[in-house]
Amino acid sequence: MAGISFLDKDLLCPQCSDIYYLPVLLNCGHNICRVCLQKFWECKRCRECPVCRAVSVLGRPPINLALKIAAEAYQVQRTSRNQDVCFLHNEKLKIFCHNDLEPICLVCHTSKQHKVHECSPLEEAASQKKTEISAKLECLRKNLRTLNKTKVDWEETKNYIQSQAYEIEEAIKEEFEKLHQFLWEEENSRLKVLKQEKEIKTQVMCEKLENIKDQIKTLSSTISDIEAYLTANDLPFLQDYKDMKKRAKCTIREPECIRDILVNSAKHLGSLGFEIWKKMANIVTYVPVTLDPNTAQSNLKFSKELTSVQYSSKQVLPDNPERCTSRVSVLGATGFTSGKHSWTVDVGQGKEWCIGVAQESIQRKSTVFLNRNEGFWVIGLCKGDSFWAQTSPRSKLVLKHKPEKITVQLDYDKGKVVFINAADSTTIHSFKDRFTERIFPYFSPGLDEDWKNSFPLTICPQTITVNVE
């Protein structure tokens with residue numbers, strides 16, 4: 001037995017993480033402090049090994065004598081190393097100097113060096129400093145929780161970017177399959193742009209994830225060291241206090257809010273047919289507004305060219321900053337800061353919907369009122385027969401005929417939004433205001449419990465004419 005040697009880590013109980021006290025040897029080969037094992041068995045009400053969960057046979061496990069002797073010798077050696085006397089005066093260290101942040105003896109306290117310093121008994125100082133470090137530790141733990149949550153969100157976003165890019169790629173391929181052979185070059189060009197954006201944005205997320213993993217690793221290591229440090233006796237705790245205080249000052253910046261990181265669906269799919277129409281004008285359509293699915297609430301489903309939206313089953317989507325989560329709605333991909341703009345919406349036989357415009361700074365994550373004070377200029381249908389203009393308070397609209405297609409006319413410079421019944425060109429309602437920021441088309445097909453039979457909102461294509469000069 002005397003010839004057996006142990007590493008320092010081999011002398012620590014896996015249950016209490018302290019030096020073994022009366023270690024017992026289980027059948028599986030693991031060693032546990034006898035008291036730790038008894039407590040574990042009483043808690044679990046079964047005779048399992050705390051390390052590997054192997055069931056121990058009946059009877060009292062034997063004490064590992066060699067390990068017991070080694071642990072006791074190590075304990076004596078460690079105690080002897082922890083000098084508790086002043087190396088200058090060979091006196092007991094009983095006082096802590098708050099100016100120099102170190103334990104001192106009574107002779108040091110009366111010396112010129114420490115005479116005017118703020119000092120206190122070791123026990124009092126240790127209690128105070130442990131409270132101080134504990135507060136910093138809780139802050140570090142909070143930072144770690146934030147980083148871990150952000151890491152999970154960013155990993156989901158990275159995966160969504162890849163699946164989103166795949167769906168766009170499939171839509172592009174399907175569109176190009178309808179065209180003749182000489183357009184394959186155009187398709188390959190678009191796929192290349194998509195692939196580059198996917199790779200760039202995926203790489204950005206990979207780099208940010210690697211960075212946050214490094215921060216998590218560093219912060220976790222610091223927390224583990226501080227947790228171990230806080231279990232030390234008063235004197236060694238205070239002896240290392242100065243260095244540990246520096247480590248505990250580690251500050252972690254709040255994870256950044258990554259904007260515009262999702263694949264730009266509108267760029268790749270918006271008016272895709274129109275771009276091809278420049279070569280094949282007779283088989284394509286053009287709409288003036290493209291919907292932006294990166295702003296859409298998770299219950300909305302879109303047509304392939306992003307010109308139609310309807311209520312559907314809930315999807316798992318990243319909660320990116322651009323997404324509207326407080327309302328079942330979506331914005332157009334392009335905003336306006338000047339000029340006149342017009343688009344016609346086929347509302348069909350929908351029982352509830354809202355259409356109009358909204359400013360860029362609307363509250364997208366919290367409940368809002370759809371009025372001009374909140375940045376909305378919209379009208380809507382409620383319960384299938386009640387039309388409203390979302391003024392403050394809202395105004396009921398009396399219409400002779402229920403419109404199926406409504407034209408929205410925006411004059412940004414004059415601050416006007418006009419809604420017209422496309423069937424007879426009669427004005428349904430007008431807003432007059434002053435716009436001070438970018439304005440986006442706004443669409444909400446409303447809630448529908450029977451989502452499989454919900455009615456879409458569709459942006460009507462415009463008549464295309466070609467004039468060559």
Using modelled atom types only, decide if a donor and an acceptor are shared between the side chain of [X] and the backbone of [Y] within a distance under 3.5 Å.
X	Y	value
Lys314	Ser298	no
Ser221	Thr218	no
Asn371	Glu374	yes
Glu197	Asn264	yes
Ser127	Glu123	no
Thr427	His429	no
Ser265	Pro293	no
Asn320	Asn294	yes

Where at least one partner belongs to [range], residue pairs that pass salt bridge (Lys or Arg N to Asp or Glu O under 4.0 Å), sequence neighbours excluded:
range	value
residues 398-427	none
residues 315-325	Asp319-Lys365
residues 259-270	none

Q) Is the shortest distance from a Lys or Arg side-chain nitrogen in Lys129 or Glu132 to a carboxylate oxygen in the other one below 4.0 Å? A)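 Answer for the salt bridge query: yes.
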
**Q.** Lys242 and Asp100 ion-paired at < 4.0 Å
**A.**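 Looking at Lys242 and Asp100, the cut-off is not met.
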
Q: Any chance you could lay out the salt bridge (charged side-chain N to carboxylate O under 4.0 Å, His left out) test for Glu256 and Lys208, step after step, and finish with the verdict?
A: CA-CA 10 Å; Glu256 63 180 298; Lys208 291 185 180 297; 2.5 Å; yes

To the nearest 0.5 Å, tell me how far [X] [atom1] sits from [Y] [atom2].
X	Y	atom1	atom2	answer
Arg327	Ser366	CZ	OG	10.5 Å
Ile261	Thr202	CD1	OG1	8.0 Å
Lys158	Glu155	NZ	CD	6.5 Å
Gln315	Gln297	CD	CD	9.5 Å
Lys198	Ile168	NZ	CD1	11.0 Å
Phe40	Glu48	CZ	CD	6.0 Å

Q | Lys340: partners by salt bridge (Lys or Arg N to Asp or Glu O under 4.0 Å), with sequence neighbours left out | A | none

Q. Can you name the residues that form a salt bridge (Lys or Arg N to Asp or Glu O under 4.0 Å) with Glu185, not counting sequence neighbours?
A.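 Partners of Glu185 under the salt bridge (Lys or Arg N to Asp or Glu O under 4.0 Å) test: none.
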
For [X], what residues pass the side-chain hydrogen bond (donor to acceptor under 3.5 Å, both in side chains) criterion, not counting sequence neighbours?
X	answer
Thr458	Ser308
Thr344	Thr407
Glu227	Arg141
Glu352	none

Do [X] and [Y] come within less than 4.5 Å of each other through their side chains, counting heavy atoms only?
X	Y	answer
Val378	Val357	no
Pro14	Ile32	yes
Cys119	Ile104	yes
Val289	Val345	no
Asn421	Ile406	no

(Q) Between Gln215 and Asn211, do the side chains contain a donor N or O and an acceptor N or O under 3.5 Å apart? (A)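 Result is yes, a qualifying pair exists.
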
Q) Strictly by modelled atom types, are Glu305 and Thr307 linked by a side-chain donor-acceptor pair under 3.5 Å? A)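 There is no such pair between these side chains.
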
Q: Please lay out, stage by stage, how Asp153 and Lys149 fare under the test salt bridge (charged side-chain N to carboxylate O under 4.0 Å, His left out).
A: CA-CA 6 Å; Asp153 292 342; Lys149 182 181 183 303; 3.1 Å; yes

Applying ring-ring contact (aromatic ring centres under 6.0 Å, His included), which residue pairs with at least one partner in [range] are found, sequence neighbours left out?
range	answer
residues 344-367	none
residues 188-245	Tyr229-Phe237
residues 134-172	none

Q: List the steps, then state whether salt bridge (charged side-chain N to carboxylate O under 4.0 Å, His left out) holds for Glu138 with Lys142.
A: CA-CA 6 Å; Glu138 183 53 38; Lys142 182 179 179 182; over 6 Å; no

Q) CD of Gln363: more than 12 outside heavy atoms within 6.0 angstrom? A) no

Q: Can you establish whether the number of heavy atoms outside Lys304 located under 6.0 Å from its atom NZ is more than 12?
A: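 No, because the 6.0 Å sphere around NZ of Lys304 holds 12 heavy atoms or fewer from other groups.
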
Q: Check each of Ile428, Val398, Leu381 against Phe387 using the side chain to side chain contact (heavy atoms under 4.5 Å, CB included) test, and report the only one that passes.
A: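 That would be Leu381.
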
(Q) Minimum heavy-atom separation for Tyr412 and Glu437, please, with both atom names. (A)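 Answer, listing the atom of Tyr412 first, then Glu437: OH-O, 2.7 Å.
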
